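These notes are about the structure you will find just below.
Chain letters run A, B, ... following the sequence lines, proteins first, then strands; residues in each count from 1. Computed over heavy atoms, backbone and side chain alike; hydrogens, waters and symmetry mates excluded. The shown structure was predicted, so the numbers you read here are calculated from the model rather than taken from an experiment.
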Amino acid sequence: MKVLTAMEFEGIRIDEGFLNDYSKELEKEAKAAEESVYAQAGVRFNLASPKQLGEVLFDKMQIDPKAKKTKTGQYATGEDVLLKLASKNKIVDDILVFREFTKLKSTYVDALPLMINIKTGRVHTSYAQAVAVTGRLSSNNPNLQNIPIRTERGREIRKAFIPRDKDHVLISADYSQIELRIVAAISGDENMCEAFKTGKDIHNATAAKVFNVAEKEVTKEMRYKAKSVNFGIIYGQGAFGLAENLGISRTEAKEIIDNYKKQFPNIQKYMDDTIHFAQEHGYVQTLMGRKRWLRDINSANFTVRAFAERNAINSPIQGSAADMIKLAMIKIHREFNKHNFKSKMLLQVHDELVFDAHRSEVEKIKPIILDCMQHALALPNDVPTDAELGVGENWLEAH
DNA sequence: TCTCTCACG
DNA sequence: ACGTACGTGAGAGAC
């Protein structure tokens, strides 16, 4: 609580001028996409309304005779739905561009400057410790744990997160593959533990096993698929989900998963054991003993029960990673106080910590941050943890 | 206030 | 036959 209070109190500096300029740019481009949509549709409507968009696409234009509806009877117009129609209909690209740019503008670029505290000139998030059921933190008002990074236009926004003054830089430090390391450690799967102990690229190593080729023979496509399986495993994904995710047949997806389970037998065992434990005790727990209660684990309803089973698999993994980074944060906070550093820890984003670092202290705090993160919580089966650190004039550069 | 959509790990 | 990958917060529209 003390650590989080200090971070909230400190806040982070935002480049208001940069965001104001970017807002105008996004507005121009969103408008262009919007006009293009109206021209192609032959009608003007509120493109920001999923209801109206659905009616235009599927009633008026009839671009998909098999259009799906949501549970309330509206046409579904989510990104996944639209992407499947993109190859045949040019209008879809413009809709997606409009969605992306207006989302970025309203949620981040226009909203963040309004959140700057008048007294401090900085943005102060609030962290909640008792919201996420897995033990993760959550961030609100504003949420600084979902600042864009995945798209080129979204990523730009990170340039607006800057050091407090000329004497400081931003440092970002993040755990590498922490959840997969925890899977390896908790399950004790020999192949996966070995991959981490020898410092291998885990997705490459997985691909070699799953597709039964030498590690040097792994293609980009094989690695991409293996990466998807690795993430899916953490969440209890099945063949349907993997197929959907990779755009492959369910048969191929099933083969990949079956092979995965064969190559990493103890991961399958971990999943079975964890579900069984939950059925007996009504909860699962993290490495530090945080419990998640699963009242539906013995439900007679398949869908409800399956959901609880996926929670049982995922929660100890996600929650143990949360335990670990919290311990690291406490260690770092104490070390910084002990050395009377001017540098401050500012943000936590689940597997990442962001710091305002005084230029004179950068080389001193680097190893302290990395050491605290790497040794916060020793994993079972001697699985090593690893963290990476970057320095920059803004959050994007530091990442 | 609910629904849909979409931003992050 | 069913539904299908976990955890969040927030904006816009609709009611």
### Query
Charged N to carboxylate O below 4.0 Å: is that the case for A:Glu152 and A:Arg155?
no
### Message
Looking at C:dA14, I'd like to know if its phosphate oxygens (OP1 or OP2) sit under 4.0 Å from a side-chain N or O belonging to A:Gln52.
### Response
yes
### Task
Look at all strands and tell whether A:Ala239 reaches a base, only sugar-phosphate, or nothing, counting heavy atoms closer than 4.0 Å.
nothing
### Touch class at under 4.0 angstrom, heavy-atom based, for A:Glu79 against every strand present
sugar-phosphate
### Task
Rounded off to whole Å, could you give me the CE-to-P distance for the A:Met271 and C:dC6 pair?
14 Å
### Query
Rounding to a whole Å, what distance do you find between A:Ile248:CD1 and C:dT4:C1'?
15 Å
### Task
Report which part of the nucleic acid A:Arg305 touches: base, sugar-phosphate, or nothing (heavy-atom distance under 4.0 Å, all strands).
nothing
### Query
Is the closest basic N to carboxylate O distance between A:Glu34 and A:Lys31 below 4.0 Å?
no
### Salt-bridge contact A:Arg223-A:Asp201 (side-chain N to carboxylate O under 4.0 Å)
yes
#### Entry: Note: A:Lys51-A:Glu55 ion pair, threshold 4.0 Å (strictly below)
yes
#### Entry: Audit row: A:Asn245, A:Ser228, side-chain hydrogen bond (donor to acceptor under 3.5 Å, both in side chains) steps and yes/no
CA-CA 8 Å; A:Asn245 194 349; A:Ser228 192; 3.2 Å; yes
### Query
So, A:Glu363 and A:Lys366, do they make that salt bridge, N to O below 4.0 Å?
yes
#### Entry: Carboxylate-amine/guanidinium contact A:Asp258 A:Lys262, below 4.0 Å
no
### Task
Would you kindly give the CG-to-C1' distance between A:Leu104 and C:dA10, to the nearest whole Å?
13 Å
### Task
Could you tell me whether the phosphate oxygens of C:dA14, OP1 or OP2, come under 4.0 Å of any side-chain nitrogen or oxygen in A:Ser49?
yes
### Contact under 4.0 Å: A:Asn311 side-chain N or O vs C:dA5 OP1/OP2
no
### Message
Could you tell me how far apart A:Leu112 (CG) and C:dA10 (C1') are, to the nearest whole angstrom?
### Response
12 Å
### Message
Any base atoms under 4.0 Å from A:Thr77, or only sugar-phosphate, or nothing? Heavy atoms, all strands.
### Response
sugar-phosphate
### Query
Can we say A:Lys105 and A:Glu25 salt-bridge, meaning some charged N sits less than 4.0 Å from an Asp/Glu carboxylate O?
no
### Message
As a check on the pairing definition, encode DNA chain C in dot-bracket form, counting Watson-Crick and G-U wobble pairs whose two distances are under 3.5 Å, and using | for partners outside this strand.
### Response
.....|||||||||.
### Message
Parallel, tilted or perpendicular, judged at 30° and 60°: which one describes the rings of A:Phe277 and A:Tyr283?
### Response
perpendicular
### Query
Looking only at atom P, what distance separates B:dC6 and C:dC2, rounded to whole Å?
27 Å
### Task
Starting from C1' on C:dG3, measure out to CG on A:Leu242 and report it in whole angstrom.
16 Å
### Message
If you take the centroid of each ring, where Trp contributes its six-membered ring, are A:Phe231 and A:Tyr235 closer together than 6.0 Å?
### Response
no
### For atom CD of A:Glu179 and atom P of C:dA5, their distance in whole Å
17 Å
### Query
Got a sec: does the NZ of A:Lys209 have more than 12 other heavy atoms crowding it under 6.0 Å?
no
### Task
For DNA chain B, note the earliest and the latest nucleotide, 5' to 3', having some atom under 4.0 Å of a heavy atom belonging to chain A.
B:dT3 to B:dG9
### Query
If you measure from the Lys or Arg side-chain nitrogens to the Asp or Glu carboxylate oxygens, is any gap between A:Glu10 and A:Arg164 under 4.0 Å?
yes
### Message
The side chain of A:Thr303 is closest to which nucleotide in this list: C:dG7, C:dG11, C:dG3?
### Response
C:dG3
### Query
If only atom types and distance count, is the side chain of A:Asp296 paired as donor or acceptor with the main-chain N or O of A:Ser299 below 3.5 Å?
no
### Query
A:Lys68 has an atom NZ; how far is it from atom P of C:dT4, in whole Å?
12 Å
### Task
Determine the Euclidean distance between corresponding P atoms of C:dA5 and B:dC2; express it in Å to zero decimal places.
26 Å
### Query
Which parts of residues 120-155 of chain A get close to DNA chain B, meaning a heavy atom less than 4.0 angstrom away?
A:Arg136, A:Gln145, A:Asn146, A:Ile147, A:Pro148, A:Ile149, A:Arg150
### Query
Does C:dC6 have OP1 or OP2 sitting under 4.0 Å from an N or O in the side chain of A:Arg310?
yes
### Query
With a non-hydrogen cut-off below 4.0 angstrom, is A:Phe307 in contact with a base, only sugar-phosphate, or nothing?
sugar-phosphate
#### Entry: Gap between atoms CZ and P, on A:Phe45 and C:dA12 respectively (whole Å)
18 Å
